[in-house]
2 protein chains.
Amino acid sequence: MAQTAPEGAPQASGRLAASRLLDVAQAAGVSLRTASRVLNDDPRVAPDTRQRVQEAMLELRFEPDAMARSLRAGTDTAIGFVVESIADPFFAEVIDAVEQEMSRHGRPVLVTSTRRDPEWERDVIGRMMQRRVAGLLICPTSDDHSWLDTRRVPIVLIDRPAPGLSADLVEIDDHRAAFDAVAHLIAHGHRRIAYVGDTPAIPTSAARLRGYRDALAHHGIEVDGQLVHCECATSQAAAEAVSALIGGSRPPAAIPPAAIPPTAILSATTRASLGVVPALHSAGRTDIALVSFGDFPMADALRPAVTVVNHPGHEVGRAAAARLLARLGQPGLPVERIQLPARMIERGSGELRR
Amino acid sequence: MAQTAPEGAPQASGRLAASRLLDVAQAAGVSLRTASRVLNDDPRVAPDTRQRVQEAMLELRFEPDAMARSLRAGTDTAIGFVVESIADPFFAEVIDAVEQEMSRHGRPVLVTSTRRDPEWERDVIGRMMQRRVAGLLICPTSDDHSWLDTRRVPIVLIDRPAPGLSADLVEIDDHRAAFDAVAHLIAHGHRRIAYVGDTPAIPTSAARLRGYRDALAHHGIEVDGQLVHCECATSQAAAEAVSALIGGSRPPAAIPPAAIPPTAILSATTRASLGVVPALHSAGRTDIALVSFGDFPMADALRPAVTVVNHPGHEVGRAAAARLLARLGQPGLPVERIQLPARMIERGSGELRR
DNA sequence: CCTGGTCTTGCCATCGATGGCACGATCCGG
DNA sequence: CCGGATCGTGCCATCGATGGCAAGACCAGG
């Protein structure tokens, strides 16, 4: 009987003990197994027994121990989400959507960031595996994920592929979105269109750059290397690129100015836009047409309001979560690459005519 | 011997079986207990035995099962984080900081959002308790948390108190920050200063409103009710409030215009600012001084650049995480209220003279 | 050579829940 | 009134790791 102990006595840790299924069973005068059946809605329980047990559960405020269940099941119900940075607005949106979708299915979400450090990434993914998470959503940082094994845990990649790993991927159609944005500018009379974006070493950025080139080519416009600034990893760098492009009043020396300035700019990342927009404004060159890849809060308060290609974080998150859930229900699904369209939001800056 | 089974055979689920400590022990020719000692750096193991076990661990790619450990320990190592919305930039920043701090201590973070729904909040907190999380960080949604029990699980509140619950609280000093912001405007010659913010039913908002009133009183300025719009829960509402204040060209009918318009505005939430700023710009009234409570990406690209009171999400997150860790290490700590200063970032709009 | 101590190791129970199987009771048709 | 099916219930083992205790090996001192 010493077994029955709890009766409100604090444990060693000082925590209040939660009631166990065994306590419930004893209170209801049934065996542990029967209480377990009630808990799991097993039909093979007599109605009055069921009721007695349920009353005991309420009485004792019983809450099943999720970890004990997981141990038995061999896998946690939680899923792990690995991103570069949680504070990034795009990922924050993705996380939000994933969490909503997952919690509708009773699955908690473990969120962790890699801090753009490949070693740390491997570390945190390892920790997730130790927890036996049910599945993983990963936005890859490192350029080698061959050590991961999709047979060990289902994985869905987000926003970019993971070299060396064959897994589902949910991304936006970067090539097409960039292509459309440039076509949109061309349709408004522009022929000298600049590109400001991140390094093509990132597949996502590479796709956007290709979209830019292809759109120009498709309209018979030759690409002018002077108009392409594809190593702008910071908004600072993007601002400097703009100065170089428009022959800014404060030349940053390092970058030679473009011989003939552009009449329109495609800013290929939100981070770049946060540099491009101030640069254009402070140079008084708001006459230059601009399409920004990625929305930002003040985009429609500016004059002109900034036309953007919306990076639909919520939809990406929802799709990735749905895919992972599907794979959890049916492990044998073939690997799939899901490309979501990115809608353009016309606000003015992208519709300026030459 | 059937026990030893795994030898790479897939389980029922189709997953690859991970090696267990028992497998390691057998491979090293020792008992399970000894292997466990090696795993936990117990000094009472002979050096050569230790090495044999460690080699076996590497050989079999052994990874301890975090859940089995947690079950034994009675509590998960993970901590739970409950916020209103993950996509909110402020909370995204807080989450980012918390995750960094926690993962430095090897603690995973379960993130979940309440969607501003008190029932859902109770639900998700309940689920966290079922997982026996080590601790909880909560930004309360509901106005009654008396059902929560800090003796059951350590709790640190973030950004606002939880009525009915006595727990540590980490917040910024809203009263003081608002007071300072208004004093700043007064110092620049303003006496008719408007307030645009959220409902005082939210303690945080109430403190800001008090700071506003107190600063005016402190400088012998009477509060004009017509200048106070404290029911603006959306940027839409904030924009309409501005129209009313300045006798906008497009009056939203419902709100009577102020008799004498303000020369300065304190926008008390980021959300409000996202309405106030566009409204001022489209009305061409950028001559009105403005201080925004809460920074936003484009604040310094606007003209004039917007002076803000920075809501230091990273610091709040770091402080909350540190406090929870401290409480985990030492459960008996007295309940504490930690107020962080909010720094003002002068950019121009708040320094406009009357 | 024996005794008491340290060092190393192993057995068993335990955390909280669930799966497999078996047992007793009830019910039905023959 | 009996045999087999069905229903409700309980016992035991199990998931993977750790805590308590004790046993065996080995050493030094008397």
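Each chain gets a letter, A, B and so on, in the order the sequences are listed, and its residues count up from 1.
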What N/O pairs connect the protein and nucleotides 7-10 of chain C at under 3.5 Å? Give each pair on its own line.
unit_1: C/dT9; atom_1: OP1; unit_2: B/Thr49; atom_2: OG1; d: 2.3
unit_1: C/dT9; atom_1: OP2; unit_2: B/Ala46; atom_2: N; d: 2.9
unit_1: C/dG10; atom_1: OP2; unit_2: B/Ser31; atom_2: N; d: 2.8
unit_1: C/dG10; atom_1: OP2; unit_2: B/Ser31; atom_2: OG; d: 3.1
unit_1: C/dG10; atom_1: OP2; unit_2: B/Thr34; atom_2: OG1; d: 2.6
unit_1: C/dG10; atom_1: O6; unit_2: B/Arg37; atom_2: NH2; d: 2.6

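B/Glu55 has no carboxylate O lying under 4.0 Å from a charged side-chain N of B/Arg52, or vice versa, which leaves the two without a salt bridge. Using a cutoff of 4.0 Å between basic side-chain nitrogens and carboxylate oxygens, A/Arg323 and A/Glu336 are scored as salt-bridged. Salt bridge present: A/Arg127 and A/Asp123 bring a charged side-chain N and a carboxylate O closer than 4.0 Å. In this structure, A/Arg115 does not pair ionically with A/Asp117, as no charged nitrogen and carboxylate oxygen lie closer than 4.0 Å. Salt-bridge check for B/Arg337 with B/Asp168: failed, with every basic side-chain N at 4.0 Å or more from each acidic carboxylate O.
Between B/Leu21 and A/Arg72, the residue anchored nearer the 5' end of DNA chain D, judged by the nucleotide with its closest heavy atom, is A/Arg72.
Across all strands shown, A/Leu71 has heavy atoms under 4.0 Å from base atoms, whether or not it also approaches the sugar-phosphate.
B/Arg131 places its CZ atom 14 Å from the P atom of C/dA17, with the value rounded to the nearest Å. If you measure from atom CD of A/Gln26 to atom C1' of D/dG10, you get 14 Å, rounded to the nearest angstrom. Atom CZ in B/Phe62 sits roughly 10 Å away from atom P in D/dG16 (whole-Å rounding). The distance from atom CZ of B/Arg69 to atom C1' of D/dG19 is 14 Å, rounded to the nearest whole Å.
Inspection of the B/Gln100 and B/His314 side chains reveals no N or O donor paired with an N or O acceptor under 3.5 Å.
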